[in-house]
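Each remark here refers to the structure printed beneath this line.
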Amino acid sequence: MKKTVLVSGGAGFIGSHVSVELIQAGYDVVVADNLSNCDMTGYEGVCKITGRDDIPFVKTDFCSEEQTEALFSAYKIDAVIHFAAFKAVGESVAKPVMYYKNNLSSFLNVLEAASAHGCHNVLFSSSATVYGEPDKVPVTEESPRKPATSPYGNTKQMCEDILNDTVRATAGTEGEIKGILLRYFNPIGAHPSALIGELPRGIPNNLVPFITQTAIGRRECLSIFGNDYPTPDGTCLRDYIDIVDLAKAHVCAVARMLDGKMDKPCEVFNIGTGRPVSVLELVNSFEKVNHLKLNYKFAPRRDGDVTAIWADPTLANKVLGWKAERSVDETLAAAWAWEKHLAGK
Ligand code: UD1
């Protein structure tokens, strides 16, 4: 029997790439999204890449208990991957209530409906932001979580705790929930088909969309936030992970849950490459691999940025049998191909 995976926020950047990988791995997927931060491009891309015209898309606002309940009643869901959330750090500082309301209530509704409908497997998309400014790099899953520096980061920590508590409370009951928390580092790039990728609304907050939009001429100049950090070239260090590699980690995690292979009822994995890359190195790679010059300048540090964080992905490598494979160059070539596709070039 084919298993069915519900992907909440499945039309977005990460959700669309995960949907493709799940379908290609033989799962049935239900894509659900309220389209508040994307359009149907992601879903249409998933259909094109997989050559399928029968993937259910259900417009669902997970903040609505009724809509969430209706979705779980309409489909027999074996596992849910929860992406549906707001994700802009700065906006979350300006509009905390909106962030807490949206990110917490949608997850609570998903957990309640999953438990009530006998869907025992919940995978939550968390973030390396939970580690804050780490005392030691690379970070392992045992590294301490630090107080969140934004309401966005706080919602990630709170949802991690909510899932942990729910797993504990439902153990051995009919509505038992098992959980996996995947802590993503910096997902970048696009599908090699250039049919899906990141579609930021307005001015991008994240580095790579800002780079590609500057290269295509939509933005005048990239500001590199800070070149006086205590790092080799003075710019921040991050663990940039290819979006397709990241998506594949979800397939491994879902298989682990559905095949009953979990060692503990709630597991945590870092999803990163283990490779620190500076902002300047990333910009240089982008220029080199795509044979162009990028207009950039150094600007003051951005509030809330940490100096350096990258993953120790050993646990995911060993336990999930997953490893990031793509080079930064390959990923930046894919990001550029996607930007050109958007511009119709
Ligand atoms: C941020 C969030 C993280 C979230 C991720 C994906 C925090 C502290 N960070 O990560 O939780 O999961 O986005 O949405 O909560 N940069 C520039 N110029 C730009 C944009 C960025 O120099 O125009 C630099 C930043 O200073 C940083 C690096 O590029 O050093 C990466 O920034 P970004 O892509 O925004 O990701 P993070 O801040 O690492």
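Just the heavy atoms: all of them, side chains too, but no hydrogens, waters or symmetry mates, feed the values below. As the structure lists them, so they are numbered: ligands from 1, and atoms in each ligand from 1.
- Checking Y99 against E91 by side-chain atom types alone, a donor-acceptor pair falls below 3.5 Å.
- Between the T68 side chain and the N109 main chain, no donor and acceptor come within less than 3.5 Å of each other.
- Side-chain atoms of R275 come within 3.5 Å of backbone N or O of Y240 as a donor-acceptor pair.
- Atoms of ligand 1 lying under 4.0 Å from at least one heavy atom of N205, given by number and element, are 20 (C), 35 (O).
- When heavy-atom distances to ligand 1 are checked against a 4.0 Å cut-off, P187 has no atom that comes that close, whether in backbone or side chain.
- For ligand 1, the atoms sitting less than 4.0 Å from at least one non-hydrogen atom of D305 are 25 (C), 26 (O), 38 (O), numbered in the order shown with element in parentheses.
- Side chain of N102 to backbone of M98: no donor-acceptor contact under 3.5 angstrom is found.
- The existence of a salt bridge linking R145 and E160 is confirmed by a sub-4.0 Å separation between a basic side-chain nitrogen and an acidic carboxylate oxygen.
- Every atom of ligand 1 with a heavy atom of V279 under 4.0 Å away is listed here by number and element: 22 (O), 24 (C), 28 (C), 29 (O), 30 (O).
- With D242 contributing its side chain and A324 its backbone, the two residues share no donor-acceptor pair below 3.5 Å.
- If you check each of Y131, F225, Y184, F298 against atom 16 (N) of ligand 1, the one with the closest non-hydrogen atom is F225.
- Atom 15 (O) of ligand 1 has its closest protein heavy atom at T129 OG1, 3.0 Å.
- Nearest to atom 38 (O) of ligand 1 among the protein's heavy atoms is R302 NH2, 3.0 Å.
- Between K248 and D245, none of the side-chain N atoms (NZ, or NE/NH1/NH2) sits under 4.0 Å from a carboxylate O, so this pair counts as no salt bridge.
- At least one heavy atom of Y152 sits under 4.0 Å from some atom of ligand 1.
- Here R238 has side-chain heavy atoms under 4.0 Å from ligand 1, and that is the only part of it that gets that close.
- Of all atoms in ligand 1, numbered sequentially from 1 with element shown, those under 4.0 Å from a heavy atom of Y240 are 28 (C), 29 (O), 31 (C).
- At the shortest separation from atom 36 (O) of ligand 1 among protein heavy atoms lies N186 ND2, 3.1 Å.
- Compare V277, I309, L207 by their heavy atoms: the one nearest to atom 29 (O) of ligand 1 is in L207.
- Taking each of V89, N206, T235 in turn, the one with a heavy atom nearest to atom 13 (O) of ligand 1 proves to be N206.
- A salt bridge does not link D39 with R201: every distance from a Lys NZ or Arg NE/NH1/NH2 to an Asp or Glu carboxylate oxygen is 4.0 Å or more.
- Proximity of a side-chain donor or acceptor of D33 to a complementary backbone N or O of A11 within less than 3.5 Å is detected.
- Heavy-atom contacts of I224 reach the following atoms of ligand 1: 22 (O) (cutoff under 4.0 Å).
- Taking a 4.0 Å cut-off on heavy atoms, S223 registers as neighbouring ligand 1.
- Interface of C236 with ligand 1, defined as ligand atoms under 4.0 Å from a residue heavy atom, comprises 30 (O).
- Between H17 and F83, the distance separating the two ring centers is not shorter than 6.0 angstrom.
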